[in-house]
Participant: 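Submitted below is the structure of interest, expressed as structure tokens.
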Amino acid sequence: AQTVTQSQPEMSVQEAETVTLSCTYDTSESDYYLFWYKQPPSRQMILVIRQEAYKQQNATENRFSVNFQKAAKSFSLKISDSQLGDAAMYFCAFALTGANSKLTFGKGITLSVRP
Amino acid sequence: DTGVSQDPRHKITKRGQNVTFRCDPISEHNRLYWYRQTLGQGPEFLTYFQNEAQLEKSRLLSDRFSAERPKGSFSTLEIQRTEQGDSAMYLCASSSPPRGTQYFGPGTRLLVL
């Protein structure tokens with residue numbers, strides 16, 4: 001079975017600064033996907049960024065980038081130039097490749113952005 | 001692409017009543033997932049459909065829960081004889097190979113009194 005651990009329940013960042021959210025996972029599989037999802041208060045879960053395990057290059061999406069360390073089973077999210085709209089709960093998630101790519105989520109981290 | 005929709009958005013019911021939720025996936029997506037999310041936790045997988053076939057059910061899905069996707073399009077999740085412990089947000093997501101990224105609906109928040 002796969003597990004995802006987000007050990008920081010809360011983090012805070014000053015607007016325009018950079019923040020890194022941590023995530024570790026455990027699996028015996030070699031082929032899988034990793035995701036960061038954002039869930040604003042009382043709003044829909046949206047995909048922030050996705051990483052395929054076979055790719056060595058770290059994924060980036062505008063201000064969002066990841067540091068994927070496959071050997072260490074670590075998958076952190078870096079948010080640059082933080083904005084007030086980045087305030088939300090962030091979930092790290094894991095999925096195997098193949099037919100049932102169900103997501104296994106961490107407990108999430110609440111990010112607040114100080115103006 | 002109108003996104004994943006769920007209905008109702010909120011449901012309050014009394015213990016022992018039956019409730020049914022509906023999910024409409026993104027139209028070209030053949031995979032549909034149900035998750036349950038309790039306050040302050042990450043979503044937990046409940047069940048998965050590929051087209052109309054229900055291919056996996058979690059241990060979390062007790063006998064009181066049933067899900068269907070009769071024509072491979074929308075899906076329903078029914079909870080019979082609701083209990084207070086069923087209070088949660090029920091999320092639906094859909095995806096399509098090969099990339100398989102799941103897109104979530106807004107969820108149905110259930111409160112069992």
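Protein chains get the first letters and strands the later ones, always in sequence-line order, with residue 1 at the start of each. Just so it is clear, the values below take in all heavy atoms, side chains as well, and ignore hydrogens, waters and symmetry mates.
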Participant: Determine whether B/Gln102 and A/Tyr37 satisfy the following criterion, side-chain contact (heavy atoms from CB on, under 4.5 Å), listing intermediate values before the conclusion.
Facilitator: CA-CA 10 Å; B/Gln102 292 183 32; A/Tyr37 279 90; 3.8 Å; yes
Participant: How would you list, in number order, the residues of residues 101-115 of chain A that have a heavy atom less than 4.5 Å from chain B?
Facilitator: A/Ser101, A/Lys102, A/Leu103, A/Phe105, A/Gly106, A/Lys107
Participant: Report, as yes or no, whether the 6.0 Å neighbourhood of atom OH on B/Tyr103 holds more than 12 heavy atoms from other residues, nucleotides or ligands.
Facilitator: no
Participant: Is it possible for you to say whether B/Ile79 and B/Leu113 belong to one hydrophobic cluster, with membership spreading through side-chain heavy-atom contacts below 4.5 Å?
Facilitator: no
Participant: Do the side chains of A/Val66 and A/Leu21 join up, straight or via other hydrophobic residues, at under 4.5 Å, putting them in one cluster?
Facilitator: yes
Participant: Checking heavy atoms, do the side chain of A/Glu52, its backbone, both or neither come under 4.5 Å from chain B?
Facilitator: side chain
Participant: To check you understand the geometry: which heavy-atom pair defines the closest contact between B/Leu91 and A/Met45, and what is its length?
Facilitator: CD1-CE, 4.1 Å
Participant: What distance separates B/Thr101 OG1 from A/Tyr33 OH, expressed to the nearest 0.5 Å?
Facilitator: 8.0 Å
Participant: Looking at B/Lys11, I want to see if its NZ is surrounded by more than 12 non-hydrogen atoms of other residues, nucleotides or ligands under 6.0 Å.
Facilitator: no
Participant: Residue by residue, which of residues 29-45 of chain B have a heavy atom closer than 4.5 Å to a heavy atom belonging to chain A?
Facilitator: B/Arg31, B/Tyr33, B/Tyr35, B/Gln37, B/Gly40, B/Gln41, B/Gly42, B/Pro43, B/Phe45
Participant: Treat each ILVMFWY residue as a node, draw an edge where side-chain heavy atoms are under 4.5 Å apart, and state whether B/Leu60 and B/Tyr90 are in one component.
Facilitator: yes
Participant: Under 6.0 Å from the CD atom of B/Glu68, do we count more than 12 heavy atoms belonging to anything else shown?
Facilitator: no
Participant: A/Phe64 and A/Val19: same hydrophobic cluster, using ILVMFWY side-chain contacts below 4.5 Å?
Facilitator: yes
Participant: Got more than 12 heavy atoms from elsewhere within 6.0 Å of CZ, A/Arg63?
Facilitator: yes
Participant: A quick test of your reading: do over 12 heavy atoms of other residues, nucleotides or ligands sit less than 6.0 Å from CZ of B/Arg109?
Facilitator: no
Participant: Do other residues, nucleotides or ligands put more than 12 heavy atoms under 6.0 Å from the CD1 atom of A/Ile46?
Facilitator: yes
Participant: Examine B/Phe104 and A/Tyr90 and state if one hydrophobic cluster contains both, with Ile, Leu, Val, Met, Phe, Trp and Tyr joined whenever side-chain heavy atoms are less than 4.5 Å apart.
Facilitator: no
